[in-house]
Amino acid sequence: MERRSILKATALASVAAAIGLGTVSAQAQDAKKYSIALIPGLTTDAFYITMRKGAQAAADALGVELVFQGAPDFNPVTQVPVLDAVIAKPSAILIAPTDKTQLIEPLRKAHDAGIPVITVDTFIGTGMYQTGAGDADFPLSYIASDNVLGGKMAARALAAAIGGEGKVYVSNVKPGISTTDQREEGFKAAMAAEFPKVTVLETQFNDNDANKAASQLQAVFARNSDLKGVFGANLFSALGAGNGVQQAGQSGNIRVVAFDAPTSIVDNINSGLVDVAIAQHPAEIGYYGVVSAFAHLSGQSIPVSIGTGFTVIDKTNVADPNVAKYVYSD
Ligand code: T6T
């Protein structure tokens, strides 16, 4: 065996040993046959770009092919044709479904064609898979952040920033997306249970359009001159809400808690525009997605759900390299 192949086999052996996959030689040969498709919510979002990096790291270590194919916007209407085009080829599909309901039937087609389906970031149905109940339990695993918890963390951070009282609202994408629905649910639940002096105004839905989120911030402020804060429930919602606060000349007066951590978050935290960013760990989601698909294809059982963590970023820790490494890649 030449040196490079020995190194590759050794690397594969250590990854496989780490994930409990036993003898490597047969699997290394099998792995060459595997092509794993990763279909993101949209291709141009730093969250999914970072997820792809983690997925590619696992694919390289395991010697499988990773195909990253998605739509330019977060929309079931554009995502389903991508899925239909991909179905012919892969050994397994990792997908962030852009709608809890509308992706059930298109994904069932893949499942019926014998392709293992794992959902990453978002889920279909209730997200409870392999239960034998309901019409959307067929995916093998759901790998994601705990989004209800993330929403609660956002509520606590925003309540602290505004001194525990006043008007706030949620800037959100659109109903029907599992992640952002759950963040709003967690946010409202924590505010209701823990902060009785905080009033949560009506949610503003921006269709994942940061410009729309910025205009909405200004419109809500025009109707509520005592607006104290906003929770941006995903990258574009938070970016737009922050821009809206800046355009309204209210930086530091209207406090912003952001879900997600694009590179611009560092400046926005340092300048005081954003108080807290809750960074997800998308690279871990991608990594465990590929490892799980590979494990399943190699005949192993896999966990029905894998939770990944958060890193809470604020002015006190944004310069710490152990924290900054969770800022997403462009
Ligand atoms: O917040 C992430 C992701 O978790 C969500 O499902 C959709 O929006 C993002 O991709 C950020 O834009």
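Indexing begins at 1, ligand by ligand and atom by atom, following the structure's order. These numbers come from a predicted model, not from an experiment.
Ligand 1 places these atoms under 4.0 Å from at least one heavy atom of Gln280: 1 (O), 2 (C), 3 (C), 4 (O). Counting the atoms of ligand 1 from 1 in the order shown, those under 4.0 Å from a heavy atom of Thr179 are 5 (C), 6 (O). When each atom of ligand 1 is checked for a heavy atom of Phe236 under 4.0 Å away, the hits are 12 (O). Interface of Thr122 with ligand 1, defined as ligand atoms under 4.0 Å from a residue heavy atom, comprises 6 (O). Near Leu235, the atoms of ligand 1 lying under 4.0 angstrom from a non-hydrogen atom of the residue are 11 (C), 12 (O). Atoms of ligand 1 lying under 4.0 Å from at least one heavy atom of Arg183, given by number and element, are 1 (O), 3 (C), 4 (O), 5 (C).
Using modelled atom types, one finds a donor on one side chain and an acceptor on the other under 3.5 Å when comparing Gln79 with Thr98. Using modelled atom types, one finds a donor on one side chain and an acceptor on the other under 3.5 Å when comparing Ser35 with Glu65. In the model, Asp330 has a side-chain atom that pairs as donor or acceptor with a side-chain atom of Thr263 under 3.5 Å.
For Tyr48, every heavy-atom contact with ligand 1 shorter than 4.0 Å involves the side chain, none the backbone. Neither the backbone nor the side chain of Gln182 comes within 4.0 Å of ligand 1, counting heavy atoms alone.
Nearest-residue assignment for atom 8 (O) of ligand 1 (options Thr44, Val173, Asn234; heavy-atom criterion): Asn234.
Of the charged side-chain nitrogens involved, at least one lies within less than 4.0 Å of a carboxylate oxygen, so that Asp181 and Lys100 count as a salt-bridged pair. The existence of a salt bridge linking Lys109 and Asp84 is confirmed by a sub-4.0 Å separation between a basic side-chain nitrogen and an acidic carboxylate oxygen.
Here the side chain of Tyr34 pairs no donor or acceptor atom with the backbone of Pro90 at under 3.5 angstrom. Side chain of Ser215 to backbone of Asn211: a donor-acceptor contact under 3.5 angstrom is found.
Taking the six-membered ring where tryptophan is involved, the planes of Phe187 and Phe231 are essentially parallel, since the angle between them stays under 30° and well short of 60°.
Residue-to-ligand polar distances place Asp260 within reach of ligand 1: an N/O pair is separated by less than 3.5 Å. Taking only nitrogen or oxygen atoms, main chain and side chain alike, Thr180 does not reach within less than 3.5 Å of ligand 1.
For atom 9 (C) of ligand 1, the nearest protein heavy atom (residue, atom name, distance) is Asp45 OD2, 3.5 Å. Nearest protein neighbour of atom 3 (C) of ligand 1, counting heavy atoms only, is Asp121 OD2, 3.3 Å.
Between Tyr326 and His281, the ring center distance clears the sub-6.0 Å criterion.
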